[in-house]
**Q** 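Got a structure for you, questions after.
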Amino acid sequence: MGVDLRQVVAGVLTLTMFVMLIHMIKRDHFDSVQDKLPGATEDFSFENSKFDATHVRKNIGLWKGDADQLNPCWAKPSGDDGEQTEGFVTFSLTNGPEYHISQIADAVIVARNLGATLVIPDIRGSQPGDKRNFEDIYDVDVFMKSMEGVVRVVKDLPARISTHKIAAVKVPNRVTEDYIAKHVEPIYRTKGNIRLATYFPSINMRKAGKKGDSDSIACLAMYGSLELQPEMRDLVNSMVERLRTLSRNSDGQFIAVDLRVEMLSKKGCQGSDSDGEKSCFNAQEIAVFLRKIGYEKDTTVYVTQSRWDSSLDSLKDLFPKTYTKEAIMPADKKMKFLDSQDSEMEKVIDFYISSQSDVFVPAISGLLYANVAGKRIGSGKTQILVPAHVQGSSASASSFLSPYISKKNHFAYSCYC
């Protein structure tokens with residue numbers, strides 16, 4: 001019995017269409033589940049859909065991929081260069097992790113130059129009475145071990161020393177040995193103990209010229225002494241993993257945008273910076289910028305704004321996979337890290353997710369941008385795009401690479417090689 005060729009072809013076509021329909025249904029179902037997340041409060045279980053980050057593409061299109069990871073090239077002091085004194089240097093970490101990095105470096109350099117003992121700092125939030133221990137956020141054992149051979153460190157000030165009799169001293173960020181000798185040492189010699197506070201006359205993250213011991217110590221303090229304590233580290237890693245899971249269409253790669261709505265109304269965001277460039281961008285401006293430089297609609301975007309704000313809707317309109325912490329934080333962690341109104345913990349989460357994202361876009365110019373850039377340089381994550389108004393319908397992303405990267409003028413380039 002002969003076989004009708006037309007019937008065979010028709011059967012094959014029917015089977016092919018049926019298989020395609022099944023795949024479309026599966027894909028639509030997965031996308032519809034993800035689309036519930038941006039700005040929503042309901043939780044999504046990722047336990048059975050973890051993304052294997054080892055398959056992230058390298059050097060493809062807009063994502064570029066990571067550069068080679070650099071190695072630390074700072075060195076601990078070879079010996080005890082000065083006399084060890086009997087006094088103590090105390091201080092607090094304030095205003096978030098972008099400030100903590102600089103405050104730690106200045107305190108270590110001051111204590112080293114004075115031959116004083118450094119007391120592990122407490123951490124102060126923006127509200128009165130908002131105070132916590134160093135180990136609530138950072139690994140105290142890692143910090144103390146990193147300081148061996150640099151400065152003596154103790155966890156607490158001896159009970160015999162009254163905190164009311166400690167002299168308060170302010171120093172500028174990236175304090176120099178000359179400044180310490182002229183303005184700090186005389187007070188220390190007279191009072192015996194000092195309480196240090198760093199102020200920021202400018203955001204100075206320029207690369208060091210001729211590198212000396214102080215610069216090596218600053219490198220160690222900024223990039224080799226602070227690690228998150230285990231619970232905080234696990235939380236950040238779980239949120240990064242969720243973002244990668246949601247980014248399957250871009251091989252697990254996602255963008256982090258430092259965009260905090262409350263900052264846009266502050267004085268620093270109302271004009272241009274010293275070069276006449278706009279220093280802050282709102283959600284709509286960021287959305288247009290990302291689309292014009294080529295990012296597609298299904299790109300995953302993490303925004304540092306803690307909770308969904310209606311002003312973010314314009315970003316979500318162009319990038320439906322836009323998330324804030326409330327959408328991707330594990331449900332069992334929200335009470336402690338989100339619903340408690342603990343802004344310090346939220347800032348830490350933002351800082352470290354921004355440091356690990358495949359692309360970082362600082363919608364707000366400032367110290368968070370500068371110190372996230374430093375963290376990223378060391379790990380080879382150099383795709384940092386500074387937003388701007390794009391003339392015309394499109395532009396190359398490489399035109400907006402951060403000067404910290406394109407000119408290699410960040411202090412971190414003094415620390416890694």
**Q** Taking Thr85 for its side chain and Gly115 for its backbone only, find out whether a donor-acceptor pair lies under 3.5 Å.
**A** yes
**Q** Could you tell me if Lys278 sits above the aromatic ring of Phe281, with its cationic atom closer than 6.0 Å to the ring centre and no more than 45 degrees from the axis?
**A** yes
**Q** CZ of Phe91 to CG of Leu196: how many Å apart, nearest 0.5 Å?
**A** 8.0 Å
**Q** Find the distance between CD1 (Ile255) and CG (Leu290) and round it off to the nearest 0.5 Å.
**A** 5.0 Å
**Q** Using the side-chain contact (heavy atoms from CB on, under 4.5 Å) criterion, which residues pair with His183? Sequence neighbours excluded.
**A** Tyr179
**Q** Quick one: are Lys381 and Phe360 in side-chain contact, heavy atoms under 4.5 Å?
**A** no
**Q** What do you reckon, is CD of Glu185 surrounded by more than 12 foreign heavy atoms closer than 6.0 Å?
**A** yes
**Q** Ser311 vs Asp309, test: side chain to side chain donor-acceptor pair (under 3.5 Å). Steps then yes/no.
**A** CA-CA 5 Å; Ser311 65; Asp309 185 270; 2.6 Å; yes
**Q** Tell me if the CD atom of Glu86 is crowded by more than 12 foreign heavy atoms within 6.0 Å.
**A** no
**Q** Less than 4.5 Å apart, side chain to side chain, heavy atoms only: is that true for Arg195 and Asn193?
**A** no
**Q** Establish, yes or no, whether a centroid distance under 6.0 Å links the rings of His100 and Tyr138.
**A** yes
**Q** Would you indicate whether Cys73 and Cys415 have their SG atoms under 2.5 Å apart?
**A** no
**Q** Regarding Asp215 and Trp74, is there a side-chain donor-to-acceptor distance under 3.5 Å anywhere?
**A** no
**Q** Just so I know, are the side chains of Val140 and Ile120 near enough to count as touching, which here means a heavy-atom distance under 4.5 Å?
**A** yes
**Q** Below 4.5 Å, heavy atoms only, C-beta onward: do Glu98 and Phe351 meet side chain to side chain?
**A** yes
**Q** Kindly give the heavy-atom pair with the smallest separation between Ala370 and Met205, and that separation in Å.
**A** CB-CG, 3.7 Å
**Q** Which residues pass the salt bridge (Lys or Arg N to Asp or Glu O under 4.0 Å) test with Arg260, not counting sequence neighbours?
**A** Asp258
**Q** Does the side chain of Arg244 come within less than 4.5 Å of Asp358's, by heavy atoms?
**A** yes
**Q** Is there any salt bridge (charged side-chain N to carboxylate O under 4.0 Å, His left out) pair reaching into residues 113-129, and which pairs are they, with sequence neighbours excluded?
**A** Asp122-Arg124, Asp122-Lys131
**Q** Excluding sequence neighbours, so at least two apart, what forms side-chain contact (heavy atoms from CB on, under 4.5 Å) with Ser399?
**A** Ser396
**Q** Applying ring pair (Phe, Tyr, Trp, His ring centres under 6.0 Å), name anything that partners Phe400, two or more places apart in sequence or on another chain.
**A** Phe289
**Q** Is there a donor-acceptor pair under 3.5 Å between the side chain of Gln103 and the backbone N or O of Thr94?
**A** yes
**Q** Applying side-chain contact (heavy atoms from CB on, under 4.5 Å), name anything that partners Ser402, two or more places apart in sequence or on another chain.
**A** Tyr369, Ile384, Val386, Tyr404, Ile405
**Q** Please round to the nearest 0.5 Å and tell me the distance separating atom CG of Asp106 and atom CD1 of Ile217.
**A** 12.0 Å
**Q** List for me each residue that meets side-chain hydrogen bond (donor to acceptor under 3.5 Å, both in side chains) alongside Ser225, sequence neighbours excluded, and say none if there are none.
**A** none
**Q** Please list, chain by chain and in numerical order, all residues satisfying ring pair (Phe, Tyr, Trp, His ring centres under 6.0 Å) with Tyr295, sequence neighbours excluded.
**A** Trp63
**Q** Just to verify, which of Val348, Leu243, Thr304 counts as forming a side-chain contact (heavy atoms from CB on, under 4.5 Å) with Ile353?
**A** Leu243
**Q** Extract all donor-acceptor atom pairs below 3.5 Å that involve side chains of residues 141-150 and protein atoms in other chains or at least two apart in sequence.
**A**
{"unit_1": "Ser146", "atom_1": "OG", "unit_2": "Phe143", "atom_2": "O", "d": "2.7"}

**Q** Is any side-chain heavy atom of Arg152 closer than 4.5 Å to a side-chain heavy atom of Leu118?
**A** no
**Q** Look only at the side chain of Glu326 and the backbone of Trp308, and say whether a donor-acceptor pair between them is shorter than 3.5 Å.
**A** yes
**Q** Determine whether Phe88 and Leu114 make a side-chain contact, defined as any pair of heavy atoms from C-beta on separated by less than 4.5 Å.
**A** no
**Q** Could you tell me which residues satisfy side-chain contact (heavy atoms from CB on, under 4.5 Å) with Lys191, sequence neighbours excluded, listed by chain and number?
**A** Ala167, Ile187
**Q** Is the number of heavy atoms from other residues, nucleotides or ligands within 6.0 Å of CD (Glu227) greater than 12?
**A** no
**Q** Suppose we screen for salt bridge (Lys or Arg N to Asp or Glu O under 4.0 Å). Which residues come up paired with Lys325, at least two apart in sequence or across chains?
**A** Asp350
**Q** What residue pairs, at least two apart or across chains, pass salt bridge (charged side-chain N to carboxylate O under 4.0 Å, His left out) with a residue in residues 290-299?
**A** none
**Q** Does any part of the side chain of Val153, heavy atoms only, come nearer than 4.5 Å to the side chain of Val151, both counted from C-beta?
**A** yes
**Q** Measuring from atom CG of Asn282 to atom CG of Leu259, what distance do you get when rounded to the nearest 0.5 angstrom?
**A** 7.5 Å
